[in-house]
Amino acid sequence: MKRPKVWMLWGFALLIFSLGYLGFHSLASSENVQGSESNSVSDSSKEVQVTMQTPSKPEMKSKKTTQTEQPETASVTGEGVTVIGDSVLVGVEPYLKEMLPKVTVDGKVGRQMSQAKKLTDELRKQGKLGDHIIIELGTNGPFSKDQLRGLLSSLSDVNQILVVTTRVPKGWQDSVNSNIKDVVSEFDNVHVVDWYEASEGKEDYFYKDGVHLKPDGSKFYASLLIQGLKGN
């Protein structure tokens, strides 16, 4: 009767030992997992810190500076601007000076292109020849290409020269305008202000002679010259 009780005691002890072993193994596994997770989080944190502490390299943008040389334009006051012309300019002068108060205007009735070089030489000696020159001649007669070429060559040191085409109901009108356009193309500092084209269809701007201008026509002419000075 005693032997069965002994076996029961041994079985009960074995069961307790088994349960204890399983519990200890489970606890050890749990600690290993937590330790592994802790190490993983720590490593991740280190990666974040390294990333934050390492400055990102700035983008290297190549700076290409392109310098475009632009011709110097005349002063808005007209300082340094000299305008030479004939009777058409005499009528335009008040309106031009209203827009460019400091402009130098030398207009004379009956003036020819052949007289222009002597005039520019005199103005230069007097210190009245600006660095921006407008030439309005051809109303009173034709001129050769050599005459115009000689004048423009003598002004090669000038920054800007404008030569104005003419509108005059005379036989020399077309040859004057043709010579202007042909010769001007030979010089880098010279440009054409095409009054002939700009005045097309504007008969109401002219008096009966088809040459000299009424007030509205003179204002329009003056504004055209200013546009030319601005390079427009």
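Quantities reported herein were computed from a predicted structural model and do not represent experimental measurements.
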Check: Asn179 side chain, Phe143 main-chain N or O, donor-acceptor pair, under 3.5 Å: yes
I want to check something: taking the side chain as every heavy atom from C-beta on, are Gln227 and Lys230 in contact at a cut-off of under 4.5 Å? no
Assess whether side-chain contact (heavy atoms from CB on, under 4.5 Å) is satisfied between Asp131 and Asp157, documenting all intermediate values. CA-CA 8 Å; Asp131 202 36; Asp157 59 329; over 6 Å; no
Does atom CG of Asp204 have more than 12 heavy-atom neighbours, drawn from other residues, nucleotides or ligands, at distances under 6.0 Å? yes
Find out whether Leu119 and Ile84 are in side-chain contact, i.e. whether some heavy atom of one side chain is under 4.5 Å from a heavy atom of the other. yes
Quick one: does Asn189's side chain have a donor or acceptor within less than 3.5 Å of a partner on Asn159's backbone? no
Checking the side chain of Ser178 only, and the main-chain atoms of Asp174 only, is there a donor and an acceptor separated by less than 3.5 Å? no
What I'd like to find out is whether the side chain of Asp86 reaches to under 4.5 Å of the side chain of Val109, using heavy atoms alone. no
Residues, nucleotides or ligands: over 12 heavy atoms within 6.0 Å of Lys202 NZ: yes
Are Ser218 and Lys214 side-chain neighbours, meaning at least one heavy-atom pair lies under 4.5 Å? no
Please round to the nearest 0.5 Å and tell me the distance separating atom OH of Tyr205 and atom CG of Asp216. 6.5 Å
Any Lys/Arg nitrogen of Lys118 or Asp121 sitting under 4.0 Å from an Asp/Glu carboxylate oxygen of the other? no
Is there a path of hydrophobic side-chain contacts, each under 4.5 Å between heavy atoms, that joins Tyr95 and Ile134? no
From Lys181 atom NZ to Ser185 atom OG, the distance as rounded to the nearest 0.5 Å: 11.5 Å
Donor-acceptor contact present, side-chain Gln160 to main-chain Leu229, <3.5 Å: yes
NZ-OG1 distance between Lys102 and Thr77, expressed to the nearest 0.5 angstrom: 5.0 Å
Assess whether a salt bridge exists between Asp182 and Lys145, defined as any Lys/Arg side-chain N lying under 4.0 Å from an Asp/Glu carboxylate O. yes
What I'd like to find out is whether the side chain of Val164 reaches to under 4.5 Å of the side chain of Leu224, using heavy atoms alone. no
Are any of the side-chain nitrogens in Asp106 or Lys128 under 4.0 Å away from the carboxylate oxygens of its partner? no
Residues Val105, Leu96; criterion side-chain contact (heavy atoms from CB on, under 4.5 Å); working and verdict: CA-CA 9 Å; Val105 180; Leu96 190 58; 4.2 Å; yes
State the OG-CG distance between Ser156 and Asp188, to the nearest 0.5 angstrom. 11.0 Å
Going by heavy atoms in the side chains, are Val168 and Val176 under 4.5 Å from each other? no
Testing the basics here: between Ser154 and Arg124, what is the closest heavy-atom pair and its distance to 0.1 Å? O-NH2, 3.2 Å
Quick one: are Phe206 and Ser199 in side-chain contact, heavy atoms under 4.5 Å? yes
Answer yes or no: is there a donor N or O on one side and an acceptor on the other, between the side chain of Glu93 and the main chain of Val90, under 3.5 Å? no
When every non-hydrogen atom of Pro169 is compared with those of Gly210, the smallest separation belongs to CD-O, 4.0 Å
Do you see a donor-acceptor pair shorter than 3.5 Å between the side chains of Ser87 and His212? yes
Would you please test Val88 and Val211 for side-chain contact (heavy atoms from CB on, under 4.5 Å) and show each step? CA-CA 7 Å; Val88 173; Val211 179; 3.8 Å; yes
Please report the C-alpha distance between Thr120 and Leu151 in whole Å, then the side-chain angles of each, then the deciding distance to 0.1 Å, and finally whether the side-chain contact (heavy atoms from CB on, under 4.5 Å) criterion is met. CA-CA 9 Å; Thr120 56; Leu151 172 62; 3.9 Å; yes
Short side-chain to backbone donor-acceptor contact, Asn177 and Thr165, under 3.5 Å: no
For Tyr207 versus Pro215, what's the shortest heavy-atom pair and its separation? OH-CD, 4.0 Å
For the hydrophobic clusters of this structure (ILVMFWY residues joined by side-chain heavy atoms under 4.5 Å, transitively), does one cluster hold both Val193 and Ile226? yes
Would you give the length of the straight line joining atom CD of Gln173 to atom OG1 of Thr139, rounded to the nearest 0.5 angstrom? 10.0 Å
Report the distance from atom CG of Leu137 to atom CG of Leu148, rounding to the nearest 0.5 Å. 9.5 Å
Contact between Met113 and Ile135 at the side-chain level, heavy atoms closer than 4.5 Å - yes or no? yes
Heavy-atom neighbours of Glu186 CD exceed 12 at 6.0 Å: yes
Has Glu122 got more than 12 heavy atoms of other residues, nucleotides or ligands less than 6.0 Å from its CD? yes
Single hit among Glu136, Arg167, Glu200 for side chain to side chain contact (heavy atoms under 4.5 Å, CB included) with Trp195: Arg167
Return yes if some donor-acceptor pair links the side-chain N/O of Thr82 with the main-chain N/O of Gly130 below 3.5 Å, else return no. yes
All heavy atoms of Trp172 vs all of Gly138, minimum pair found to be NE1-O, 3.1 Å
For Arg111, is there any backbone N or O sitting under 3.5 Å from a side-chain donor or acceptor partner on Asn140? yes
Check the hydrophobic clustering (I, L, V, M, F, W, Y; side-chain heavy atoms under 4.5 Å; chains of links allowed) and say if Tyr196 and Leu225 are grouped together. no
